[in-house]
Number of protein chains: 2
Amino acid sequence: MATIVEVARQAGVTASVVSRLLNGDPTLRIRAETRDRVLAVAAALDYTPNHAARALRRARAGTLGLAVHDLHNPVYAEIIAGAEAEARERGSVLLVADVNSLASDDETFRRVVQGGAIDGLMLQRDGDASDKVVARVAGSRVPVVILNERVRSPLSGVAVDDRRAAMLATRHLIALGHRDIAYLQVSGSNSRARDRRAGWQAAMRDAGLDATGRMVVGGVRPETGYRAMTDLLAAHTPPTAVFAGTLLAGVGALTAARDAGVSVPARLSVIGFHDGWFAEHVYPALTVVRLPLRELGRQAVRLLARRIDGAEAEQILVSSPEPELVPRGSTGPAPARRG
Amino acid sequence: MATIVEVARQAGVTASVVSRLLNGDPTLRIRAETRDRVLAVAAALDYTPNHAARALRRARAGTLGLAVHDLHNPVYAEIIAGAEAEARERGSVLLVADVNSLASDDETFRRVVQGGAIDGLMLQRDGDASDKVVARVAGSRVPVVILNERVRSPLSGVAVDDRRAAMLATRHLIALGHRDIAYLQVSGSNSRARDRRAGWQAAMRDAGLDATGRMVVGGVRPETGYRAMTDLLAAHTPPTAVFAGTLLAGVGALTAARDAGVSVPARLSVIGFHDGWFAEHVYPALTVVRLPLRELGRQAVRLLARRIDGAEAEQILVSSPEPELVPRGSTGPAPARRG
DNA sequence: GGCAACTGGTAAATCGTTTATCTTGATACC
DNA sequence: GGTATCAAGATAAACGATTTACCAGTTGCC
């Protein structure tokens, strides 16, 4: 590969000039013909600055870290897609690391975070491993942005309007005539869990309905949603509708209803949180509320970039595009009251 | 952050000693007490070698590139998970880049590939964008490993036994009494497409069945599988079973059957290729053949590491764990012959 | 006692960029 | 005519680590 010195040599100038020209140094005074000559040589040699050398000199890697939990969760895929696009547009590049490795493998953490391989880190707090990583990274010089959560001040975070979307979902069920609406709660203590629950409760209260006692942990995986739904259906008077706090719990709930012989949506309506391609391929197709996850990914990168440049911690709520109800087959009118 | 010079200073030696000690230089002669002192200081200062400096000096980034098409495809998620684990265990780190950006955005390609940000690249050839990337990267010094495909000699690649798995799937249907078995072909001209088709054909031939005329493009996405299945069902005598060359096409086929009012598995059996969590949550649960995708990801990283170290191009077939039939609800005995 | 071999390191040269500070000849100003 | 300014670059010092070559004492051997 051609180096900057080689370009300089062939253009008859010093490396300094090449560097300043290519980086657009405003203090550089250069004759037009010299500039053209340098640019021509750089193009001819297909000169590309060496990543490592630049990183060393600038004390900046040009790389953003993204800690991932489970790539199989479609919610992640969407956030990552947004982050990748934004990072690319800004000339950065995304480095992925498994959050469990970061938490449990000291060597990995040091290499990635302390060794300066990344300029900043994005991660979703979810479970002990991620909390551990947040704690450790807070003690380093690497700024961190929390994904998909409202956080308090020393931290930076970017979230979507979970509360509003949860209300949207619940109101949809209420509008269909449901009065006994259960909530499959997100596990963990974070704003996602709190806000979605709060949204459900608020919508229930607004409609004069009782929101107590109909809440059960649905988790973030199909299996947990399945179990939760199974338990609910085994109750004396099962709910006629269920709002699943996560997409995968919603899918699991649907499967549970089928296995229990409860027809959806005739006897039970199910609505999920966040959209994914397979929501159209379960049966019946899952009604969901869709949130701007891709945009969340983009904003996270922007915020992280600002923090790397020294800006203060910030909290961002991605409110556009707005949460949207996507009605599909899994929700329908409430069955006639048994009471 | 503490530098190697600072460690050396506090330990009363030169940086050379610290470097050689920490990197296990076998030619280094050092007194036990000096060694302990250096190690103690390094530990006390929590010394971590600077990524960029090391990369610059060694002319090696310590980073492996992974070009991704679509993170929503679960097959990818599994390969990535394997690659990430293996990379981490070897002290490398994974850098993800969207294959379309690499193909279409010149700037991105140069930064990532030519600038030395990665030591090697893994990608799945699938579509024009990826072919373009392969062509361009072949002209650089960066070694590339093709994922999930058997390739010819100048290239390196790692594949699973698509042919065998396809036979396994087809034989399962044959064993259930099906004789009219359609194949939803994978799109593109690659060994995945060829081998799966060949496996289907071989199994059909072995059973004395006709494999011609029952092949239609199913693609790699639910929508394409849906359309293909819809067309098949509209035929004069629809098949009684269908082998979908991809998981998502299988899911789409299932949905198509339902929308066409064809009950599965009573009138139509469907089997998919590769497993994914949602295969258990479609209705009926999708029978599939499972292949060692995670191991494929691991082997890809190993092969790439060898190539980076100068080894010749190689082709690898991941044959363990063996392809496995995972019977679920979408396949059943063939309906009584209409003829 | 002379030479070789070993011990326990040291010195210095990179790697490719960036950037603050100089230099040098020409022009402008008063 | 002396000085200040300016155009157009040149110089050189980092950034932090790795690696090759080398060296001063000390032992060992015959």
Side-chain angles (χ1 to χ4, degrees), chain A residues 1-39 41-42 45-63 91 110-111 114-119 141, chain B residues 1-39 41-42 45-63 91 110-111 114-119 141:
Chain A
M1 290 308 309
T3 71
I4 198 172
V5 173
E6 179 62 15
V7 174
R9 200 184 60 73
Q10 291 196 26
V13 295
T14 63
S16 170
V17 173
V18 179
S19 174
R20 294 168 67 196
L21 174 59
L22 263 36
N23 289 306
D25 179 348
T27 73
L28 172 67
R29 314 265 64 195
I30 191 173
R31 240 174 312 165
E33 66 184 63
T34 309
R35 177 183 356 117
D36 294 348
R37 193 156 23 93
V38 171
L39 291 178
V41 171
L45 296 182
D46 197 19
Y47 168 70
T48 312
N50 181 286
H51 198 81
R54 172 174 277 185
L56 175 59
R57 176 61 226 234
R58 288 191 172 161
R60 185 160 299 188
T63 300
R110 295 161 52 96
R111 256 211 329 276
Q114 315 230 25
I118 59 176
D119 296 327
R141 58 167 230 317
Chain B
M1 290 307 310
T3 71
I4 199 170
V5 173
E6 179 61 15
V7 173
R9 200 185 59 74
Q10 291 197 26
V13 294
T14 62
S16 171
V17 173
V18 180
S19 173
R20 295 168 66 197
L21 173 60
L22 263 36
N23 289 305
D25 180 347
T27 73
L28 172 67
R29 313 265 63 193
I30 190 173
R31 242 175 309 165
E33 68 186 62
T34 310
R35 176 182 358 117
D36 294 349
R37 193 156 23 92
V38 172
L39 291 178
V41 172
L45 296 183
D46 198 19
Y47 169 70
T48 312
N50 181 286
H51 199 80
R54 171 176 276 185
L56 176 59
R57 176 64 228 238
R58 289 192 172 161
R60 184 159 300 187
T63 301
R110 294 161 53 95
R111 257 211 330 276
Q114 314 229 26
I118 59 176
D119 296 327
R141 59 166 230 315

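Everything quoted here is computed from the prediction, not taken from an experiment. By convention in this document, chain letters (A, B, ...) are assigned in the order of the sequence lines, proteins followed by strands, and residues within each chain are numbered from 1.
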Asks: Whole Å only: how far is the CZ atom of A:Arg37 from the C1' atom of D:dA8?
Replies: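 Those two atoms, CZ and C1', are 12 Å apart.
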Asks: Which of these passes side-chain contact (heavy atoms from CB on, under 4.5 Å) with B:Leu39: B:Leu21, B:Thr34, B:Val18?
Replies: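 The single option meeting the side-chain contact (heavy atoms from CB on, under 4.5 Å) with B:Leu39 is B:Leu21.
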Asks: Between A:His51 and A:Ala61, is there a donor-acceptor pair closer than 3.5 Å when you use the side chain of the first and the backbone of the second?
Replies: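 Yes; judged by distance alone, with no hydrogens or angles, the pair exists.
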Asks: B:Val38 and B:Val7: which non-hydrogen atoms are nearest, and at how many Å?
Replies: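 Heavy atoms of B:Val38 and B:Val7 come nearest at O-CG1, 4.3 Å.
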Asks: Starting from C1' on D:dA7, measure out to CZ on A:Arg35 and report it in whole angstrom.
Replies: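 After rounding, the reported distance stands at 14 Å.
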Asks: Roughly how far apart are A:Arg110 CZ and B:Thr48 OG1, rounded to 0.5 Å?
Replies: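 Reported value, rounded in 0.5 Å steps: 4.0 Å.
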Asks: What is the distance from atom CZ of B:Arg141 to atom CE of A:Met1, rounded to the nearest 0.5 Å?
Replies: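 Reported to 0.5 Å precision, the distance equals 7.5 Å.
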Asks: Please find the pair of heavy atoms, one from A:Ala117 and one from A:Thr63, that lie closest to each other, and give the distance.
Replies: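 Residues A:Ala117 and A:Thr63, closest heavy atoms: O-CB, 3.4 Å.
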Asks: Just how far is it from atom CG of A:Asn50 to atom CZ of A:Arg57, taken to the nearest 0.5 Å?
Replies: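 Here the rounded value is 14.5 Å.
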Asks: From the 5' end of DNA chain C to its 3' end, which nucleotides mark the outer limits of contact with chain A, defined by a 4.0 Å heavy-atom distance cut-off (strictly under)?
Replies: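 Extent of the interface on DNA chain C: C:dG16 to C:dA20.
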Asks: Nearest 0.5 Å please: distance from the CG atom of A:Leu45 over to the CD atom of A:Gln10.
Replies: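 Interatomic distance, A:Leu45 CG to A:Gln10 CD, rounded to 0.5 Å: 4.5 Å.
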Asks: Heavy atoms under 4.0 Å is the rule here; annotate nucleotides 10-20 of chain D 5' to 3' with B where the base is hit, S where only the sugar-phosphate is, and - elsewhere.
Replies: BB-BBBBBBBB
Asks: May I ask you to say what A:Arg31 touches in the nucleic acid, namely base, sugar-phosphate or nothing, with a heavy-atom cut-off under 4.0 Å?
Replies: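 Since only primed, P, OP1 and OP2 atoms lie under 4.0 Å of A:Arg31, the category is sugar-phosphate.
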